Amino acid sequence: MHRTGALYGQFKTLEQQKDTATLGMWIFLVTEVMFFGGIMLAYTINRHTYFHAFAMGSNTLSLGLGGFNTVVLLASSFTMAMAVWASQTSRKQLITLFLGLTILLGFVFFGVKYVEYAQKFHHHLVPGKNFDIFYCVNNPSKCEDIDAADMAKEREELEVAAKADPDLNAHAQLYYSAYFGMTGLHALHMVIGAGLLFWLLKESVAGKFNAEWNNPVDIVGLYWHFVDIVWIYLFPLLYLIDRHK
Amino acid sequence: MRTQPTAPALQLPEKHYLNATYGIRSWLLTTDHKRIALLYLASVTFFFFIGGFFAMMIRLHLLTPNGYLLTPDQYNRMFTMHGVAMVFFFLIPSIPAVMGNFLIPLMIGAKDLAFPKINLISWYIYVIGGVFTLWSMINGGLDTGWTFYTPFSTLYSNSAVAPAVVGVFITGFSSILTGLNFLVTVHTMRAPGMTWFRLPLFVWAHYATSIVMILGTPVIAITLGLAAMERVFGLGFFNPAMGGDPILFQHLFWFYSHPAVYIMILPAMGVISELIPTFARKRLFGYHFVAAASLAIAVIGFLVWTHHMFVTGQSTYAAVAFSFLTFIVAIPSAIKTFNWTATLFGGSISFDTPMLYAFGFLGLFLIGGLTGLFLGALGVDINIHDTYFVVAHFHYIMVGGAVMGYLGGLHFWWPKITGRMYPEWLARIAAFILFIGFNFTFFPQFILGIMGMPRRYHTYPPEFQIYNVMSTAGASILAVGYLLPMVYLTWAAFFGKVAGENPWPATGLEWKTQSPPLTENFEVTPVVTWEAYDFHNRPDLGLDVPSGKGSPGVVAPAHGDD
Amino acid sequence: MLFSFILMTTLFFAVLVTVVIIFAAFKFRRQSEKEVGDDVHGNNLLEVGWTLIPTIIAIGIFAWGAAIYVNYRIAPKDTLDIYLIGKQWMWKLQQPNGRKEINELHVPVNRNIKLIMGSEDVIHDFYVPAFRVKMDVVPGRYNTMWFRPTKTGKYHFFCSQYCGTNHAVMGGWVTVMEPAEYAAWLSGETGDVNPVSAGERLFTQLACVTCHLSNGTGRAPSLNGVFGANVLLADGSTVVADEAYIRESILQPKAKIVAGYQPIMPTFQGLVTEEQILSLTAYIKSLQSQPVPPKGAGIAPSSAGKK
């Protein structure tokens with residue numbers, strides 16, 4: 001196993017090694033854009049066709065939790081950028097600190113996501129046989145986490161939406177398929193990112209990164225920023241449909 | 001004057017990549033691009049046999065109109081699994097993963113690819129994907145067609161759709177990583193002096209292919225992912241009962257699968273661009289145009305996917321636009337064909353086996369490509385869409401084109417890969433058998449298509465029988481044409497005549513190192529000062545260059561000098 | 001026509017290039033072991049030439065094909081509309097007057113026919129090679145396709161989008177008929193000389209047989225032996241079952257209800273022609289000699305007609 005900072009056999013210089021790895025990561029991110037692109041297309045077409053169902057689905061998401069997660073991820077990109085700076089300026093302890101903070105923020109994101117997903121399961125909003133967009137409104141006792149005011153609002157919105165779209169439940173399930181598909185894919189990428197960050201953390205503790213050699217921090221940073229950017233797209237696409245009432 | 005002693009029989013070099021280390025671990029954990037290429041060779045050949053077996057079942061069954069060899073459900077599984085095995089596990093990886101992996105570092109003067117470990121991982125990913133798909137084939141089979149159209153595949157099929165789709169999904173990442181590796185390698189790992197326009201066209205072809213791989217494959221990945229989730233969890237994007245649209249699947253599917261056919265043919269074109277200059281001993285006519293045409297095919301290839309959907313009831317205007325673009329994408333292929341042909345004029349042509357395959361490619365790709373014009377023409381496509389005309393068209397390109405390129409390349413580079421030559425006369429006979437068998441198999445299918453025989457039919461009206469029988473007869477000859485090389489190439493690897501560094505001789509950088517090459521490819525990193533296919537400035541090749549005829553380029557040094 | 005043009009053009013180029021290749025292969029074959037070819041880089045004029053000419057030809061073919069296609073996709077206004085549903089593994093068609101067919105399509109010659117097509121399950125495709133038409137049927141949407149048959153005869157159609165086990169046997173026949181024949185066929189005339197057999201066919205086609213079981217166990221009385229007999233009605237009166245009674249029962253079934261039965265027979269007003277009623281009557285007449293079931297005939301007991 002080659003050690004971080006060592007020159008790999010196929011390269012002539014560390015410079016070449018760095019350029020190669022960086023180009024590799026950029027091209028990989030292009031493939032990721034295409035990957036997410038496919039499901040974004042499915043989302044876009046269905047949102048256009050079934051706007052009411054999508055708006056309804058979006059309004060059942062918690063703006064607070066989603067917004068909070070957005071801030072968390074933005075902050076984690078900031079701490080990641082700080083880690084890159086620290087590695088470029090050979091600030092060994094700061095590298096570790098910022099990497100650690102990034103990981104921590106990542107886990108906060110996961111925690112919030114877990115809460116959101118659990119709520120969806122509870123409210124029968126997971127695509128499948130039990131999906132029912134009307135579940136909470138019809139069984140308020142089963143959805144105690146929605147307070148009376150929100151419940152009334154949801155009931156009202158559902159009425160309007162159901163009038164506009166007689167097949168509301170089926171089409172809302174499309175929204176939730178997109179929701180779970182897109183956020184699930186995103187979460188999977190974050191898990192991989194967290195794994196990479198843990199590895200970076202380990203290497204930084206062992207003092208592998210400095211002004212001369214910090215390429216791994218740099219390219220993992222690229223990946224992490226990409227994952228953040230995906231969320232910046234997901235948040236308005238999923239959470240902010242038709243919220244300006 | 002001293003008499004020239006008879007040249008001693010060539011010996012294999014003492015150390016090379018095959019004997020550098022021993023043991024199964026040294027192969028399964030190798031990061032040497034050459035060994036990985038051989039790992040791929042073994043696995044794609046395995047899937048070629050699998051796909052070939054299914055093909056045999058299809059053709060045997062279709063000997064009679066009411067075929068009694070297979071039940072309808074069994075037949076539907078045969079053609080599906082034939083397609084899946086051949087497209088995803090043979091054609092798409094074949095030339096890039098076997099020859100691209102082996103040759104690109106050698107051709108550009110590098111020690112290895114940019115990411116050797118990722119290269120190995122890509123092989124394992126391929127194998128894992130293959131295992132899933134094999135599991136599906138054995139446990140219930142797959143009967144959706146290799147195109148997995150919804151809602152049949154997601155809601156109605158009673159076959160093992162999910163594991164097969166997962167298998168193809170996984171293997172797609174092998175393709176993506178290979179493409180990524182090639183792109184970065186060509187950008188950052190070229191030897192000093194190896195400028196972009198000195199690159200062999202094989203490298204240009206793989207560069208173009210890699211662009212397609214990295215942009216297209218992720219889309220099929222997400223598409224198959226959604227289809228799998230729809231089948232297992234009932235998502236609904238492709239289910240009309242839930243408001244979904246089956247045609248959305250087709251758009252997403254073909255957005256990759258059309259560029260995929262360029263993944264399959266561009267590398268073969270790259271091989272032909274190496275074979276013709278070598279065996280005509282003449283630089284390729286219009287080098288820049290051929291390089292540009294490769295890129296053009298890759299880019300425009302992304303803009304034509306809806307030509308698979310002209311009869312789905314989509315917007316007429318969209319159909320018109322896509323038909324137009326389809327005709328445009330044909331032009332760069334035509335340009336290449338003309339350039340290959342023009343290279344022959346004024347050349348010094350020999351008819352070694354690789355060149356026979358190149359000629360075969362030229363003829364068969366010509367027919368396959370021209371028949372694409374029929375299909376791209378909207379008015380005609382209505383009649384021949386989803387008939388045997390389409391089947392014949394793509395087999396002419398895939399088998400007559402890509403597989404000929406693959407075999408031609410295997411023969412051409414076999415001495416480099418193994419250090420030994422294949423038996424030339426047996427190989428020529430096999431090439432002829434293959435060519436004849438191929439035409440007998442697939443030309444009747446054009447006629448069947450024009451007569452109106454739809455594809456994927458386990459039974460057919462009796463008036464179609466004569467051509468089906470012809471086709472099956474041809475297939476048995478074709479099979480011999482395939483089996484022969486598998487046998488003698490394997491034999492030659494161990495017992496063939498030692499070939500030496502550059503038996504042809506050819507002008508690529510890969511021929512300026514021993515056969516088989518060292519693990520690190522070159523003893524000293526070459527410095528390139530000559531153009532590709534420049535026979536007139538290569539005294540190291542030992543050929544008779546007429547004096548005064550060479551262009552005033554820099555003369556290439558003999559092997560070993562820098 | 002376009003097909004022939006493309007065929008000629010592609011054949012021309014295929015032969016041209018092949019001949020050129022074979023010619024070059026022989027003319028420039030290697031003469032000595034170490035011979036080298038000429039040092040030619042290329043020729044820009046030639047490149048432009050063999051790019052532009054194929055492009056022009058290609059665009060020509062494209063334009064012609066597109067014109068045919070646009071014409072094909074946009075149906076004329078004056079079409080005879082027929083509905084078509086594909087399902088695994090059969091085709092159900094419905095003529096404008098409601099007459100249904102399975103795996104068969106009857107159309108009049110020299111008329112513009114439009115098919116409005118849907119699918120019940122997966123994607124199928126309706127393909128009539130002789131008419132040069134083909135269109136997918138997709139679940140969740142309607143596709144339309146039009147054609148104009150110009151010659152009478154029977155023409156094969158196929159399912160042309162893989163749809164599962166019996167995709168290959170999901171075909172049938174299009175029958176193109178003269179307009180008069182078509183009209184007759186449409187209204188149920190089979191051109192049969194014998195009204196009794198015509199009537200018998202109608203009796204099944206119109207589903208009479210599903211209620212009027214001959215053994216008397218159906219929801220409607222058996223018609224064996226009823227013609228000419230006295231029928232006991234629900235209000236206690238009797239009536240002779242003559243031609244007029246038969247006709248009234250078909251067109252206004254609720255006018256007279258047979259004793260012991262519910263008023264559930266639907267009316268066939270507008271669904272049968274006078275000729276067809278005559279055929280049915282002839283058939284029912286022919287049942288006079290059939291054994292009358294002990295129960296369920298509706299015939300008044302012959303002992304003492306109650307009036």
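Values in this document were obtained by computation on a predicted structure and should not be read as measured data. Order of the sequence lines sets the chain letters (A, B, ...), proteins ahead of strands, with each chain counted from 1.
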Largest heavy-atom contact set with chain B, pairs under 4.5 Å, which of K27(C), Q88(C), Q31(C)
Q88(C)
Sequence neighbours left out, what passes side chain to side chain donor-acceptor pair (under 3.5 Å) with H167(C)? Give chain and number order.
none
Using side chain to side chain donor-acceptor pair (under 3.5 Å) as the criterion, list what pairs up with T165(C), not counting sequence neighbours.
D73(B)
Which atoms of [X] come close to chain C, meaning under 4.5 Å heavy atom to heavy atom: side chain ones, backbone ones, both, or neither?
X	result
D245(B)	neither
F152(B)	both
Y460(B)	neither
S350(B)	both
L541(B)	neither
I367(B)	neither
A330(B)	neither

Closer than 3.5 angstrom, by distance alone: can the side chain of N143(C) be matched with the main-chain N or O of T312(B) as a donor-acceptor pair?
yes
Ignoring hydrogens, what is the shortest heavy-atom contact between G449(B) and Y127(C)? Give both atom names and the distance.
O-OH, 4.5 Å
Less than 4.5 Å to any heavy atom of chain B: does that hold for the side chain of [X], its backbone, both, or neither?
X	result
L46(C)	side chain
L7(C)	both
Y72(C)	side chain

Between D38(C) and K282(B), does any NZ, NE, NH1 or NH2 come within less than 4.0 Å of an OD or OE carboxylate oxygen?
no
Among all residues two or more places apart in sequence or in another chain, which pass the side-chain contact (heavy atoms from CB on, under 4.5 Å) test with P277(B)?
L284(B), Y533(B)
Interface residue of largest heavy-atom contact number with chain C, from S348(B), G243(B), A342(B), under 4.5 Å:
S348(B)
Within residues 130-138 of chain C, contacts to chain B at heavy-atom distances under 4.5 Å involve R132(C), V133(C), K134(C), M135(C), D136(C), V138(C)
Has Y83(C) got more than 12 heavy atoms of other residues, nucleotides or ligands less than 6.0 Å from its OH?
no
Heavy atoms from other residues, nucleotides or ligands near CD1 of I53(C) exceed 12 (cutoff 6.0 Å):
no
Any side-chain heavy-atom pair of [X] and [Y] under 4.5 Å:
X	Y	answer
F62(C)	T326(B)	no
H536(B)	V36(C)	yes
F23(C)	F345(B)	yes
F535(B)	D39(C)	no

Is the Y162(C) to F79(B) ring centre distance short of 6.0 Å?
yes
